[in-house]
Each structure stands twice: as C-alpha cells, then as structure tokens.
Amino acid sequence: MASLPKGQPPNLQRPAVFLDRDGVLNEDSGYTFEVAKLRLISGAAWALKLLKQRGFLLIVVSNQSGVARGLFSTQQVDDFNHALDQRLREEHGTGIDAFYYCPYHPEGTVASFTKVSSWRKPEPGMVLQAQFDYGIQLEGSYLVGDRYDDIECAVRAGVKGIQVLAPGLVKHPLALSWVSSLAEVPALIPAP
Ligand SMILES: [Mg+2]
C-alpha cells in the first residue's frame, strides 16, 4: 500500500500527520473490517486534503487485534485499507500515503499473531517504523486518534497528540487538543 519511495535523506524530511483509522477516518462499528460497511466520517476527507496540501504525509497507524482474535485476516485488513484509500482518491481527490497496522495481541486465539508487540499502541513502534521508512521529521508531526492509547502512543513517540473524543472514551490529559472530529484538526495545525 505504501506509495512513496523509502529512505528519504535528512534534508528532504517532512512532518506527518499520523492517523488512527477506526473512529477517526471511518465509522467504528467494533472490529471494523467489511468493505461493504465502510463509511467515511463526515468532514474527514476534506480535512485530509487540506493537511496534504500543507505538506504533511498522511500515515495510518491502526491496532487491528481482530486478526489475533481470529475475527478477520490480514488480507481483509489490507482490502479494507485499500478500499478506504480508493474512496478518498476517487471521491475526494486525496489519499493515504502509507498504512501501518498491528495484527498482534498478547491474548489472541491465533497462535501466529499472539504476542506482545512494540507496534501495538500505546507502544510507539508503528510511528517509529514509519519515521525510519519515510524519513519523517517527528518534531512538527501529529497523531490524531480517539482512544487514550492513541494519545499515549503520541506521547511515547514524541509527536503532538490530538484526541477525537466521542462519548464514553477516556480523555488523555496530555493531548494538545480534544476535538469532536478530524474536521476540526486543520484549524489546529499550522503549515510546516
Ligand atoms: Mg480508533
């Protein structure tokens, strides 16, 4: 899914907006994986387009423990991500630059995906891998997510966290801001 050349030299480093997927880009129906149920959240595509125009790489970092729990396959995660990207490109003229997801969980039911992983948020592994792959400048980068663990991941990775707070979610006190949707984020993020 990654569409960019890897290994950018330091003088070409760019900041990124890291994005949690479910509940930020698409509606979260709980272990979301069916392409037929893909619903973009209102205003999300518009916000992504603006952020991309300002020079930010757009990188999805998503926990997908449903793989470890035997609810769906990595192929189904890839298919959903591809459909999300296509929807953004075809209908809104924007798109995601790279997708990272963590299929592992320490209490899974599928042996090959049952383990502790530094990629699982709140650990910062996915952000740090993307930084390595694309030469991302973490200073001036952001992570937008709806869960406490998304913002904890931002803190551990050294990027600013913006929390999309829905009813029932636990507020992280170290977020830069708390918003009701991704559509509010461009107003908070100056051009790099
Ligand atoms: Mg989420």
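No hydrogens, no waters, no symmetry mates; every other heavy atom, side chains included, goes into these values. Whatever order the structure lists them in is the order used to number ligands and atoms, beginning at 1.
- Arg21 places no side-chain N or O within 3.5 Å of a backbone atom of Asn63 that could act as its donor or acceptor partner.
- Without hydrogens or angle criteria, Ser117 side chain to Trp119 main chain gives a donor-acceptor distance under 3.5 Å.
- In terms of distance to the Mg ion (ligand 1), the nearest N, O or S atom of Asp20 is named OD2.
- Between the Mg ion (ligand 1) and Asp150 there is no N/O/S contact shorter than 2.8 Å.
- Considering just the N/O/S atoms of Asp22, the one nearest the Mg ion (ligand 1) carries the name O.
- More than 12 heavy atoms of other residues, nucleotides or ligands lie within 6.0 Å of OH in Tyr101, so this atom counts as buried by the packing criterion.
- Note on Asp146: counted as a metal contact of the Mg ion (ligand 1), an N/O/S atom lying under 2.8 Å.
- Using bins of under 30°, 30° to 60° and over 60° for the plane-to-plane angle, the ring pair Phe56/Tyr142 lands in the perpendicular bin.
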